[in-house]
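Reviewing the structure listed below.
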Number of protein chains: 2
Amino acid sequence: MSNLSARSEDYLKAIFKLQEEKKVVRVKDLAQCLGVRSPTVVGVISGLKESGLVDQEHYGYISLTPEGDTLARSLIQNEDLLRSFFEEVLSLDTEEAGLNACNIEHYITPTCRERLVSFIKFLEICGRGSPKWLDHFRHFVLTGEPPPCDRCGEILPGDGKRCEKD
Amino acid sequence: MSNLSARSEDYLKAIFKLQEEKKVVRVKDLAQCLGVRSPTVVGVISGLKESGLVDQEHYGYISLTPEGDTLARSLIQNEDLLRSFFEEVLSLDTEEAGLNACNIEHYITPTCRERLVSFIKFLEICGRGSPKWLDHFRHFVLTGEPPPCDRCGEILPGDGKRCEKD
DNA sequence: TAACAAAAATAGGCGAGGCTAACAATGTCT
DNA sequence: AGACATTGTTAGCCTCGCCTATTTTTGTTA
């Protein structure tokens, strides 16, 4: 695939994001964004320049090449996907969802990513973003109370009726 | 927390697993298990010895200290949890589920892990391992066909009945 | 017991990604 | 235009996790 280290991918994504919000990306911004010192940025960027993913003139601004841009977009798309899984399914708050997404994005296999895509698509189809069972899960996470029926979406034993919330 | 690098955690887990299956762990076994050469193992192990997680006499077998054992167990428990999520929820095959679990285990936050635990517990409570919606999801993954009802577990619009499979 | 095979350890090197300190270029402001 | 602050670069060092080549120890076997 991209053959980049996890860390280089982080740099690429950060450049893309900074470009969106500030129009222009400087070493200093990148350093702050990634929690690192300037010389570290210079070092990593120089590798990305050699890989043809980043452009920068001496003492100038940093930008993505078309290839770098394409790659960054796809990395961010994957990250966003993961974040929405963590946020919407597991009910993590946005910040923590983003943190997990960013950390994990480098390490999941393509099939795993596809399955998560499927999972989210499934949610959208099945209840426009929030099927009953997911509401039940959220309730379970918050309160520890078991879901209101024995088998989500199935006839309750005993009275032969479905539970009300279902 | 444990303050170990991801790679050191891998070594610790590998020692634990080899100890279970072979009773005795040698540098050579560990090297093979981790896809690495002996001197690399010697180097990493020497760090783990200094951290008090591993015991080894000169030219002798490798074993976990009580602290190392405790840590390894908890790491493996987390990994197993992730694997079962990937396998049971996302329907990845065992090998790929294990690969993803092993890679990701180092990077998720505690809360995220807890949520996954909750998710799996929820599944167990809600349908003894496989609620209807999960069957629907698996079907969706395999065939691309949308779930049989508009809103899993809810009355279908139109005829006022639930779909048959639900 | 001496010789040899197998395994572990050491020596020394490499690249990635960090750091600090020092230096060079740029931009701004009077 | 000159002075100074800001920012980028270079130099040089560190740790980690990997490697190959070599040496040391251990274990086996004639």
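In the text below, chain A, chain B and the rest are named by the order of the sequence lines, each starting its count at 1.
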- request: Compare side-chain N and O positions of A:Gln56 against OP1 and OP2 of D:dT9 and report whether any pair is under 4.0 Å apart.
  value: yes
- prompt: Are a donor atom and an acceptor atom from the side chains of B:Thr65 and B:Asp55 found within less than 3.5 Å of each other?
  reply: no
How about [X]: does its [atom1] atom have over 12 heavy atoms from other parts shown lying under 6.0 Å from it?
X	atom1	value
A:Gln19	CD	yes
B:Glu57	CD	no
B:Glu95	CD	no
B:Gln56	CD	yes

statement: For residues 86-107 of chain A, the ring-ring contact (aromatic ring centres under 6.0 Å, His included) pairs (sequence neighbours left out) are A:Tyr107-B:Tyr107
message: Give the residues of residues 11-20 of chain B touching DNA chain D, defined as any heavy atom closer than 4.0 Å, sorted by residue number.
response: B:Tyr11
query: Only one of A:Arg113, A:Arg73, A:Lys13 clears salt bridge (charged side-chain N to carboxylate O under 4.0 Å, His left out) with A:Glu79; which?
result: A:Lys13
Whole Å only: how far is the [atom1] atom of [X] from the [atom2] atom of [N]?
X	N	atom1	atom2	value
A:His106	C:dG17	NE2	C1'	14 Å
B:Leu4	D:dC16	CG	C1'	13 Å
A:Asp10	C:dA16	CG	P	16 Å
A:Glu57	D:dT9	CD	P	11 Å
A:Tyr61	D:dT7	OH	P	10 Å

message: Does anything in residues 26-50 of chain B come within less than 4.0 Å of DNA chain C? Heavy atoms only, and list the residues if so.
response: B:Arg26, B:Val27, B:Lys28, B:Pro39, B:Val42
Residues clustered with A:Tyr59, ILVMFWY side-chain links under 4.5 angstrom: none
task: Would you please name every residue forming a side chain to side chain donor-acceptor pair (under 3.5 Å) with A:Asp80, sequence neighbours left out?
output: A:Arg83
- request: Nearest 0.5 Å please: distance from the CG atom of A:Leu34 over to the CG atom of A:Asp29.
  value: 10.5 Å
Mind listing the N/O atom pairs, protein and nucleotides 23-25 of chain C, below 3.5 Å?
none

- prompt: Using 4.0 Å as the upper bound for N to carboxylate O, is an ion pair formed by B:Glu96 and A:Arg115?
  reply: no
